[in-house]
Amino acid sequence: MRRIYLDNSATTRICDEALEKYIEVSRECYGNPSSLHALGFESEKILNTARAEICASLSAKGASVIFTASGTEANNLAIIGRAFAKERYKKGGKIITTMGEHASVDAPLEMLTNLGFTVARIPTVGGEIDMAALEKELTKDVILVSMMMVNNETGALYDTSAVAKMMKARSPEALLHVDATQSYLKIPFTKAKCGADLITISSHKIEGPKGVGALVVDESVIRSKGLAPLTLGGGQEGGMRSGTENVPGIAAFGEAVRIGSAALRERYSLLCELRSYLIERIESELTEVSITHPKENSPHIVNITLPKIKSETMLHYLSSLGIYVSSGSACSSNGGHLSSALTAFGRSEGEADSSVRISLSHRNTKEDIDGLIEGLRSGLARLSRIR
């Protein structure tokens with residue numbers, strides 16, 4: 001059976017170059033990067049090469065790259081690490097986020113709320129940041145604004161640059177943390193353009209291996225000790241994340257960054273073309289299906305709502321045909337929760353329960369979309385009769 005993989009926002013297939021790099025480093029460069037001998041120095045050099053690739057891809061010369069085990073860990077480090085950085089923050093520090101964030105942002109914020117921090121959530125109806133609500137919440141006690149650049153379920157593209165500009169005027173001590181997990185090497189941007197002090201990225205979203213992420217931190221944050229480590233021990237990663245680094249995984253991550261950065265413009269154009277083709281076919285042939293249309297969108301995520309058919313039911317039907325999509329974020333789907341991103345967008349709970357996320361990659365073709373359309377067509381006919 002031919003596979004049509006359209007769940008690239010959950011994870012991507014590791015590219016050949018990254019896999020080859022992983023195997024090569026695992027076999028040949030197995031020294032501990034903290035060891036003071038030749039093999040250790042070689043491993044340390046590999047880590048620094050990956051850091052340089054990441055900084056170059058974001059035009060972030062001089063930034064610190066803290067390697068973690070995932071995007072989730074990087075988000076936790078940014079949020080909790082900022083909250084615990086200064087003793088005075090613990091006496092009423094305020095954090096701002098948006099409605100419909102990933103669980104790896106919501107969960108640490110919930111923990112901080114229980115510890116006495118104030119958390120304000122800004123509406124995102126229609127896939128837009130409510131700038132008036134943000135302006136009202138940006139007071140002098142704000143220590144952090146944490147938000148995603150691309151919503152992982154709706155595909156909405158948020159204007160982080162406008163947020164950063166407003167923050168500088170109203171909350172000068174606050175840092176901006178951008179979760180770029182779904183935008184990094186999917187859409188063109190630089191650290192300066194997005195306005196972030198802290199940027200989360202993840203290896204397996206860009207055809208690198210699973211189990212590696214990174215937090216890119218502005219040098220001024222490190223210099224002012226504006227971020228506290230969460231994992232203590234041997235002092236690796238500049239003391240910000242102890243534990244022996246995953247050298248083969250990081251080397252492969254760096255290789256995926258190198259490949260993806262060089263091909264970014266070409267891949268972005270292809271994704272825009274595929275998205276347009278997908279939407280055109282749905283609107284002309286599957287008129288009972290509703291498409292979630294953010295005002296500004298990324299090209300690789302399209303969310304659709306089915307006519308009174310649960311997303312999980314359609315998911316299993318398509319899977320039986322070798323077509324792989326998602327009922328939302330893989331993390332939230334695993335917990336069995338309704339999508340807060342879709343309800344924040346303006347969908348009802350019933351609509352959120354009947355929504356399917358299609359996420360594209362440069363490896364997809366128009367033939368893949370043709371196969372999806374046929375699968376949805378037959379699924380709608382069959383599942384509607386069962387209903």
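Both L175 and L227 are assigned to one and the same hydrophobic cluster, defined by single-linkage of ILVMFWY side chains at heavy-atom distances under 4.5 Å. Hydrophobic clustering (ILVMFWY, side-chain heavy atoms < 4.5 Å, transitive): I369 and L315 are in one cluster. There is a path of hydrophobic side-chain contacts, each under 4.5 Å, that joins I199 to V65. I279 and I187 sit in two unconnected hydrophobic clusters of ILVMFWY residues. Membership requires side-chain heavy atoms under 4.5 Å apart, directly or through other members. V145 and L77 are not part of a single hydrophobic cluster, where members link through side-chain heavy atoms under 4.5 Å apart.
Residue pairs meeting the salt bridge (Lys or Arg N to Asp or Glu O under 4.0 Å) criterion with at least one member in residues 238-252, sequence neighbours excluded: E73-R241.
Within 6.0 Å of CZ on R3 lie no more than 12 heavy atoms contributed by other residues, nucleotides or ligands. Within 6.0 Å of the CD atom in E288, the count of heavy atoms belonging to other residues, nucleotides or ligands exceeds 12. The number of heavy atoms from other shown groups lying within 6.0 Å of NZ (K310) does not exceed 12. Crowding of R27 atom CZ: a count of heavy atoms from other residues, nucleotides or ligands under 6.0 Å not exceeding 12. In this structure, E24 places its CD atom where more than 12 heavy-atom neighbours from other residues, nucleotides or ligands lie under 6.0 Å away. The number of heavy-atom neighbours closer than 6.0 Å to NZ of K90, taken from other residues, nucleotides and ligands shown, is above 12.
Ion pairing of R121 with E101 is absent here, as no side-chain N (NZ or NE/NH1/NH2) approaches a carboxylate O to less than 4.0 Å. Taking a cutoff of 4.0 Å between a charged side-chain nitrogen and a carboxylate oxygen, D7 and R357 qualify as a salt bridge. At a threshold of 4.0 Å, the pair R347-E153 does not count as salt-bridged, since none of the basic side-chain nitrogens sits closer than that to a carboxylate oxygen. R363 and D368 are not joined by a salt bridge, as no carboxylate oxygen comes within less than 4.0 angstrom of a charged side-chain nitrogen. We find that E255 and R258 are joined by a salt bridge, their nearest charged nitrogen and carboxylate oxygen being less than 4.0 Å apart.
For the residue pair Y277 / D370, a side-chain donor-acceptor distance below 3.5 Å is found, with atom types taken as modelled. Inspection of the E53 and S261 side chains reveals no N or O donor paired with an N or O acceptor under 3.5 Å. A side-chain donor-acceptor contact under 3.5 Å links Y317 and S378. Checked by atom type, the side-chain pair S242/T231 shows no donor-acceptor distance below 3.5 Å.
Using a 4.5 Å heavy-atom cutoff, the side chains of S384 and I309 are in contact. Side chains of M99 and I122 form no contact here, defined as non-hydrogen atoms less than 4.5 Å apart. Between I201 and V257 there is no side-chain heavy-atom pair separated by less than 4.5 Å. Side-chain contact between E207 and E17: absent, with no pair of heavy atoms (C-beta onward) separated by less than 4.5 Å. The shortest distance between side-chain heavy atoms of I222 and E219 does not fall below 4.5 Å. Contact of the L271 side chain with the R275 side chain is not registered, since no non-hydrogen atoms from C-beta on lie closer than 4.5 Å. At least one side-chain heavy atom of R377 sits less than 4.5 Å from a side-chain heavy atom of L286. In this structure, the side chains of Y158 and T124 come closer than 4.5 Å at one or more pairs of heavy atoms.
At least one donor-acceptor pair under 3.5 Å links the side chain of K94 to the backbone N or O of E137. For the pair S57 (side chain) and I54 (backbone), a donor-acceptor distance under 3.5 Å is present. Here the side chain of R170 pairs a donor or acceptor atom with the backbone of E135 at under 3.5 angstrom. Put simply, the side chain of T97 gets close to the backbone of S146: a donor and an acceptor are under 3.5 Å apart. A donor-acceptor contact shorter than 3.5 Å links the side chain of K186 to the backbone of K205. A donor-acceptor pair is defined here as one N or O able to donate and one able to accept, closer than 3.5 Å; such a pair exists between the side chain of E351 and the backbone of S348. Distance alone, capped at 3.5 Å, places no donor-acceptor pair between the S203 side chain and the F253 backbone.
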Applying side chain to side chain donor-acceptor pair (under 3.5 Å), run through N75 and T200 and close with a yes or a no. CA-CA 6 Å; N75 280 345; T200 291; 2.7 Å; yes
Does the side-chain contact (heavy atoms from CB on, under 4.5 Å) test come out yes or no for H300 and N8, once each step is laid out? CA-CA 8 Å; H300 61 291; N8 292 281; over 6 Å; no
Let's go through T305 and S355 carefully: what are the C-alpha distance in whole Å and the side-chain angles of both, what is the deciding distance for side chain to side chain donor-acceptor pair (under 3.5 Å) to 0.1 Å, and is it a yes or a no? CA-CA 4 Å; T305 300; S355 292; 2.9 Å; yes
Would T181 and S202 count as a side-chain contact (heavy atoms from CB on, under 4.5 Å) here? Give the steps. CA-CA 6 Å; T181 302; S202 178; 3.9 Å; yes
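Distance check, rounded to the nearest 0.5 Å: OG of S70 to CG of N76 gives 8.0 Å. A distance of 8.0 Å separates CD1 in I79 from CG in L112, rounded to the nearest 0.5 Å. Once rounded to the nearest 0.5 Å, the distance linking CG of L306 with CE of M314 reads 5.0 Å. To the nearest 0.5 angstrom, T72 atom OG1 is 5.5 Å from H102 atom NE2. To the nearest 0.5 Å, the span separating CG on L278 from CG on L6 amounts to 8.0 Å. For the atom pair CG of D159 and CE of M149, the computed distance is 9.5 Å after rounding to the nearest 0.5 Å.
The aromatic rings of Y184 and F189 sit perpendicular to each other, their planes meeting at more than 60°, with 30° as the lower class boundary. Using cut-offs of 30° and 60° on the angle between ring planes, the pair F84 and F117 is tilted.
The two residues L138 and M166 have their closest heavy-atom pair at CD1-CG, 3.5 Å. Nearest heavy-atom pair across A18 and A252 is O-CB, 3.3 Å. Residue K225 comes nearest to A85 through the heavy atom pair O-CB, 3.9 Å, listed as atom of the first residue, atom of the second, then distance. Smallest separation of non-hydrogen atoms from T190 and S59: CG2-OG, 3.8 Å.
Exactly one of V178, L144, V221 qualifies for a side chain to side chain contact (heavy atoms under 4.5 Å, CB included) with D197. That residue is V221.
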